[in-house]
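The structure appears below as structure tokens.
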Amino acid sequence: MAWAAIWQNGAEQPLDGFAAYRGAPDARLDALTLWLEIAMPSRRRIPLRLWQGAAGGDGGISIYLMPNGALRVLHGETFDVETETGFLQPGQMLVLRMVLCARGRHDVIDALNADTGARHRIRHGLATAPRLADALPADPGFAGLARVAAIATHVVPASDLPGLESGARVATPEGDLPVEDIRPGMRVFGADGAAHVVRWTDARDRLCIGRFAPVLLRAPYFGLGADTCVTPRTRLMRHGADVEYLAGTDTVLVTAADLVSGPRAMFERSRPLRRFHHIMLDDPACLNVWRCRVETAFLSEVLSAEDAGWTAARPHAKDCQPSLPLLDRSAARALLARDSGARNFVI
């Protein structure tokens, strides 16, 4: 896995500490991912080009905002995808993930309107050996138009997973271990005090700028022993009288993105890339990360993160939902307001 380039507001970002692609722009690749976050300009009476790949002829990736508000993506002689009319309005944020695959197994167009939640996702199943030149901007102005633009020579996964950045300490029967040392078959302590067998782990280099920046949880809040970055969908356990008052039950989960408020939790965009580690057990449970309880990924999340989907897997119902009730954003904000003076998240 390697990253070819990352831009933020037109400025190229350093790839220090992460694998960078050094091959020729015209060399054939097994996979290529183009990630774009672009605020939509005012509509025109003619198609407005948002991105143009550097490859000559029809080899470059071309992305247009159509006069009717549809998004159109073209590549090569056979690839031409257009969303429904009105998919994007002026000022709204487009998040586009385009994957090209030499075997036709992971290719996808995944377009998200980050303001409305509307999503257009399609797989064409065509084997296409991409080149870096297909995605590299034909002119620096295209990178300047995008809030975030990134090109990777591997498949960037479809969706986010609960995850901890390298360095977080997880309680195990052998003592507290860095999350990067956790392997399948090992045991970790849950919030119930029992040891659970780890069935699956993965480490992924995650883009950490723009709309999908991770959340920095500050110590000693939340029971943490050190500042810890987590993915926005990471779920933390909360219990106590305030929880029971608001939710009608004494223990719930809160999504990390909903905790962002003041100095305790904030979006972290200081580095373009970070490595996160994901853990799955037989059944979802809350790990002890210092004294903070963090829920593991469940099976349907892991499966849905793959572009092939999980409809054929038929996981059990308990593998498709969190282990505890999950507060929605409004309830999470109300809880934050009630305990804004608390020193620790877990008592």
Side-chain angles (χ1 to χ4, degrees), residues 2-16 18 20-29 31-83 87-101 107-114 120 128-154 156 207-212 269 272-273:
W3 295 81
I6 299 173
W7 296 268
Q8 185 173 26
N9 297 321
E12 190 165 358
Q13 302 297 297
L15 301 178
D16 300 340
F18 293 87
Y21 179 74
R22 304 298 184 190
D26 290 323
R28 294 295 177 178
L29 304 170
L32 178 74
T33 299
L34 173 64
W35 182 291
L36 297 174
E37 296 181 22
I38 304 177
M40 291 298 100
S42 300
R43 291 185 185 174
R44 307 271 181 92
R45 293 185 178 180
I46 59 174
L48 180 62
R49 183 152 43 186
L50 303 176
W51 191 267
Q52 177 60 56
D58 56 7
I61 297 171
S62 301
I63 301 171
Y64 293 90
L65 176 63
M66 306 303 289
N68 62 1
L71 182 75
R72 187 180 183 189
V73 182
L74 301 96
H75 180 243
E77 298 179 352
T78 58
F79 188 84
D80 187 346
V81 173
E82 187 169 334
T83 68
F87 181 74
L88 292 162
Q89 300 293 331
Q92 293 179 340
M93 181 66 71
L94 166 69
V95 180
L96 175 68
R97 184 179 63 97
M98 181 176 183
V99 180
L100 302 176
C101 176
D107 60 284
V108 70
I109 291 288
D110 192 355
L112 170 70
N113 184 323
H120 184 93
T128 304
R131 300 168 298 171
L132 186 60
D134 296 344
L136 286 173
D139 185 273
F142 290 112
L145 177 66
R147 299 279 182 86
V148 174
I151 303 171
T153 57
H154 62 274
V156 175
L207 195 63
C208 293
I209 51 179
R211 302 282 297 203
F212 292 91
R269 298 183 173 93
L273 294 170

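Each residue takes its place number in the sequence, starting with 1. On a predicted model such as this, the values are computed, not experimentally measured, just so you know.
For the pair Arg28 (side chain) and Ala129 (backbone), a donor-acceptor distance under 3.5 Å is present. Looking at Asp110, its side chain never comes within 3.5 Å of a backbone N or O of Leu96 through a donor-acceptor pair. In this structure, Glu37 contributes its side chain and Arg211 its backbone to a donor-acceptor pair below 3.5 Å. A donor-acceptor pair under 3.5 Å is formed between the side chain of Thr33 and the backbone N or O of His154. A distance-only check finds a donor-acceptor pair linking the side chain of Arg97 to the backbone of Val156 [under 3.5 Å]. Under the 3.5 Å distance criterion, the side-chain polar atoms of Arg269 are matched with a main-chain donor or acceptor of Gly210. A donor-acceptor pair is defined here as one N or O able to donate and one able to accept, closer than 3.5 Å; such a pair exists between the side chain of Thr153 and the backbone of Ala2.
Nearest heavy atoms, Trp7 versus Leu136: CH2-CD2, 4.3 Å. Closest non-hydrogen pair, Ala4 versus Tyr21, comes out as CA-CB, 4.2 Å. Scanning all heavy atoms of the two residues, the minimum distance from Cys101 to Asp107 falls at CB-N, 3.8 Å. A pairwise comparison of heavy atoms in Pro130 and Ala31 identifies CG-C, 4.0 Å as the closest pair.
Side chains of Glu12 and Ile6 form no contact here, defined as non-hydrogen atoms less than 4.5 Å apart. For the pair Asn113/Met93, no side-chain contact is recorded, criterion being any heavy-atom separation below 4.5 Å from C-beta on. A heavy-atom distance below 4.5 Å is not found between the side chains of Val148 and Phe212. In this structure, the side chains of Glu82 and Asn68 come closer than 4.5 Å at one or more pairs of heavy atoms. At least one side-chain heavy atom of Leu94 sits less than 4.5 Å from a side-chain heavy atom of Leu71. By the 4.5 Å heavy-atom criterion applied to side chains, Ile63 and Arg72 are not counted as neighbours. Side-chain atoms of Phe87 and Met40, non-hydrogen and from C-beta on, never get closer than 4.5 Å to each other. Contact annotation: the side chain of Val73 approaches that of Phe79 to within less than 4.5 Å [non-hydrogen atoms, C-beta and beyond].
Atom CG of Leu15 and atom CH2 of Trp3 lie 9.0 Å apart (nearest 0.5 Å). Interatomic distance, CZ of Arg22 versus CG of Leu132, reported as 11.5 Å (0.5 Å rounding).
For the side chain to side chain donor-acceptor pair (under 3.5 Å) condition, the pairs that include at least one residue of residues 132-146, sequence neighbours left out, are His75-Asp134, Arg131-Asp134.
Taking the six-membered ring for Trp and thresholds of 30 and 60 degrees, Phe142 and Trp51 have ring planes inclined between 30 and 60 degrees apart.
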Could you go through Leu29 and Leu100, starting from their C-alpha distance and side-chain angles, then the distance that decides it, and tell me whether this counts as side-chain contact (heavy atoms from CB on, under 4.5 Å)? CA-CA 9 Å; Leu29 304 170; Leu100 302 176; over 6 Å; no
For the pair Ile151 and Leu32, evaluate side-chain contact (heavy atoms from CB on, under 4.5 Å) and give the outcome as yes or no after the intermediate values. CA-CA 7 Å; Ile151 303 171; Leu32 178 74; 3.6 Å; yes
Using side-chain contact (heavy atoms from CB on, under 4.5 Å), reason through Val95 and Leu36 one step at a time and then give a plain yes or no. CA-CA 6 Å; Val95 180; Leu36 297 174; over 6 Å; no
Counting only pairs under 3.5 Å, give me each side-chain donor-acceptor contact of residues 41-50, with atom names and distances, residues two or more places apart or in other chains.
from, atom 1, to, atom 2, distance (Å)
Arg43, NH2, Leu88, O, 3.1
Arg43, NH2, Gln89, OE1, 3.0
Arg49, NH1, Gln52, OE1, 3.0

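Residues that satisfy the side-chain contact (heavy atoms from CB on, under 4.5 Å) test with Ala146, not counting sequence neighbours, are Ile38, Ala149.
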